[in-house]
Amino acid sequence: MMKPKIEVFNSTGELSGYLGNIIVKLSVQLDFVNISLSGGNTPRAIFDILSTEYTYLVNWDKIRLFWVDERCVEPDHYESNYGMTLNHLIKNLPIPGKNIFRIEAEQDPQLAANSYSETLKNNLPFKNDLPYFDLMILGMGDDGHTASIFPDNMHLWDSHNLCEVATHPVSRQKRITLTGRTINNSRMIVFIVTGSNKSLVFNEIITHSGNYSHYPASLVDKSKTTWLVDKAAACKTGIS
């Protein structure tokens with residue numbers, strides 16, 4: 001079994017600094033950096049830090065932003081991943097509007113999925129006959145889901161489509177999500193996991209124990225993945 005690459009941090013600030021330095025390095029190495037973002041409380045805190053401490057460290061003209069998934073709501077809705085990113089990152093940085101590629105999830109879900117697939121095809125380089133991201137930033141739920149692929153719809157991971165319509169298992173809310181082929185075709189994948197409520201699932205995934213095979217997050221390409229976790233999430237692993 002391949003040993004996972006794991007970085008454990010004492011604080012969100014430390015974690016944000018590590019991620020920020022990855023973006024700095026990519027922005028120096030590449031003409032453009034194509035990044036796919038996730039939503040959630042932890043990314044919100046990280047975006048706040050990046051938009052204040054990395055204002056002048058990154059050439060933001062080079063940064064092109066896409067999204068891993070989106071809830072089927074209006075872009076100004078409080079649940080919108082795009083809306084959260086706009087308020088906590090984009091508004092505070094000199095990222096050109098032409099470099100923002102949001103999922104228009106307020107329209108019919110299937111039309112939104114098809115439309116975003118075309119957006120990826122038309123605005124990303126291709127590798128292995130698939131759109132190619134430089135940096136894929138993922139989160140993980142305490143049920144082991146990632147993107148908007150949940151344990152009860154894991155078949156979406158293997159879809160031949162670039163994007164799919166997913167349904168939240170509890171709220172039944174429709175969401176648009178990238179699929180596994182699209183996610184795993186990235187140059188670099190970063191998982192951000194914080195909180196003790198995710199420690200059991202995280203430990204099972206990295207040790208291939210328990211119910212790990214039932215978690216969509218376990219299907220992400222380990223050879224490309226770095227886990228950025230806080231001490232609470234790592235508490236069951238023995239890693240410090």
Side-chain angles (χ1 to χ4, degrees), residues 12-13 15-24 26-27 30 32-107 109 112-113 115-117 119-120 122-124 131 133-141 145-149 162-163 166 168 173-178 182-183 186-195 228:
T12 301
L15 191 158
S16 301
Y18 190 98
L19 178 62
N21 289 337
I22 289 175
I23 297 173
V24 169
L26 289 173
S27 69
L30 304 174
F32 289 98
V33 186
N34 294 299
I35 303 175
S36 192
L37 301 172
S38 293
N41 292 328
T42 301
R44 179 186 295 117
I46 291 171
F47 293 164
D48 284 337
I49 293 170
L50 292 179
S51 65
T52 54
E53 298 184 9
Y54 283 79
T55 305
Y56 303 107
L57 296 177
V58 175
N59 183 346
W60 293 103
D61 284 343
K62 289 186 173 185
I63 304 302
R64 305 172 83 237
L65 299 181
F66 299 78
W67 275 262
V68 174
D69 64 338
E70 182 59 278
R71 297 171 176 88
C72 290
V73 296
E74 296 290 331
D76 59 354
H77 191 279
Y78 74 94
E79 289 188 326
S80 168
N81 288 340
Y82 163 77
M84 183 275 286
T85 309
L86 177 66
N87 291 322
H88 292 268
L89 185 73
I90 297 170
K91 280 184 176 179
N92 305 315
L93 294 170
I95 304 175
K98 65 181 181 179
N99 289 8
I100 309 299
F101 301 91
R102 75 175 183 91
I103 303 172
E104 297 179 353
E106 66 273 20
Q107 60 181 316
S115 175
Y116 206 58
S117 296
T119 295
L120 301 183
N122 294 332
N123 293 284
L124 286 168
F133 286 101
D134 299 298
L135 179 60
M136 177 72 55
I137 301 175
L138 298 175
M140 184 187 76
H145 85 266
T146 193
S148 279
I149 300 179
L162 302 181
C163 302
H168 189 281
Q173 180 189 58
K174 297 295 184 183
R175 299 183 178 191
I176 312 304
T177 183
L178 303 187
T182 314
I183 290 170
S186 306
R187 174 196 301 261
M188 180 187 303
I189 301 169
V190 170
F191 253 117
I192 297 174
V193 181
T194 61
L228 308 186

### Task
Decide yes or no for Val190 and Leu138: does some side-chain heavy atom of the first lie under 4.5 Å from some side-chain heavy atom of the second?
no
### Task
Test side chain to side chain contact (heavy atoms under 4.5 Å, CB included) on Asn21 and Leu57 and set out the steps.
CA-CA 9 Å; Asn21 289 337; Leu57 296 177; 5.8 Å; no
### Task
Say whether, by atom type as modelled, one donor and one acceptor occur between the side chain of Ser117 and the main chain of Ala113 under 3.5 angstrom.
yes
### Query
Nearest 0.5 Å, what's the CG-CG distance between Leu124 and Asn34?
5.0 Å
### Message
Just verifying a value: how many Å separate Asp48 CG and His88 NE2, rounded to the nearest 0.5 Å?
### Response
5.5 Å
### Task
Please examine the side chains of Ser16 and Glu53, heavy atoms only from C-beta on, and report whether any two atoms are closer than 4.5 Å.
no
### Message
Looking at Ile95, is its backbone amide N or carbonyl O close enough to the side chain of Asn99 to form a donor-acceptor pair, meaning the two atoms are under 3.5 Å apart?
### Response
no
#### Entry: Value rounded to 0.5 Å, distance of CG in Leu19 from CD1 in Ile49
10.5 Å
### Message
Using every non-hydrogen atom in the two residues, find where Leu50 and Ile23 come nearest and quote the distance to one decimal.
### Response
CD1-CD1, 4.3 Å
## Note on the structure
In short, Ser38 meets Gly139 closest at the heavy-atom pair OG-N, 3.7 Å
### Message
For Ile35 and Phe133: C-alpha separation, side-chain torsions, deciding distance, then whether side chain to side chain contact (heavy atoms under 4.5 Å, CB included) applies.
### Response
CA-CA 6 Å; Ile35 303 175; Phe133 286 101; over 6 Å; no
#### Entry: Asp69 and Thr177 side chains, donor-acceptor separation under 3.5 Å
no
### Message
If we check side-chain contact (heavy atoms from CB on, under 4.5 Å) with Pro131, which of these qualifies: Leu162, Asn122, Leu178?
### Response
Leu162
### Query
Any sub-3.5 Å donor-acceptor pair from Ser148's side-chain atoms to Ile176's backbone N or O?
no
### Query
Are Tyr78 and Met84 side-chain neighbours, meaning at least one heavy-atom pair lies under 4.5 Å?
no
### Query
Distance-only, no hydrogens or angles: does the Ser27 side chain make a donor-acceptor pair with backbone N or O of Val24 under 3.5 Å?
yes
### Task
Say whether, by atom type as modelled, one donor and one acceptor occur between the side chain of Ser186 and the main chain of Met188 under 3.5 angstrom.
no
### Message
Closer than 3.5 angstrom, by distance alone: can the side chain of Lys62 be matched with the main-chain N or O of Leu30 as a donor-acceptor pair?
### Response
yes
### Query
So how far is it from Asn81 CG to Arg102 CZ, rounded to the nearest 0.5 Å?
12.0 Å
#### Entry: Distance, nearest 0.5 Å, that separates CD of Gln107 from OG of Ser115
5.5 Å
### Message
How close do Ser80 and Glu74 get, counting heavy atoms only, and between which atoms?
### Response
CB-O, 3.6 Å
### Query
Of the options Asn41, Leu89, Ile192, which is the one that meets Ile46 in a side-chain contact (heavy atoms from CB on, under 4.5 Å)?
Ile192
### Query
Do Ile90 and Ile100 touch side chain to side chain, with heavy atoms closer than 4.5 Å?
yes
### Heavy-atom check, side chain of Phe47 versus side chain of Leu37, under 4.5 Å
yes
### Query
Does any non-hydrogen side-chain atom of Ile137 lie less than 4.5 Å from one of Val68?
no
### Query
At their closest point, which heavy atom of Ala112 faces which heavy atom of Ala105, and how far apart are they?
CB-CA, 4.0 Å
### Any donor-acceptor N/O pair, Arg175 side chain to Glu70 backbone, under 3.5 Å
no
### Message
Checking the side chain of Tyr54 only, and the main-chain atoms of Gly17 only, is there a donor and an acceptor separated by less than 3.5 Å?
### Response
yes
### Summary
Note: Ile183 and Met136 closest approach over all heavy atoms is CA-CE, 3.9 Å
### Query
Should Asn92 and Thr52 be marked as a side chain to side chain contact (heavy atoms under 4.5 Å, CB included) after you check the CA-CA gap, both sets of side-chain angles, and the distance that decides it?
CA-CA 8 Å; Asn92 305 315; Thr52 54; over 6 Å; no
### side chain to side chain contact (heavy atoms under 4.5 Å, CB included) assessment of Cys163 paired with Leu120
CA-CA 9 Å; Cys163 302; Leu120 301 183; 4.0 Å; yes
### Inter-residue atom distance Arg71.CZ - His77.NE2, 0.5 Å rounding
9.5 Å
### Message
In the structure I gave you, are the side-chain heavy atoms of Thr194 and Leu15 within less than 4.5 Å of one another anywhere?
### Response
yes
### Query
Heavy-atom distance under 4.5 Å between the side chains of Glu104 and Tyr116, does that happen here?
no
### Test item: Trp60 side-chain N/O and Thr55 main-chain N/O as donor-acceptor pair under 3.5 Å
yes
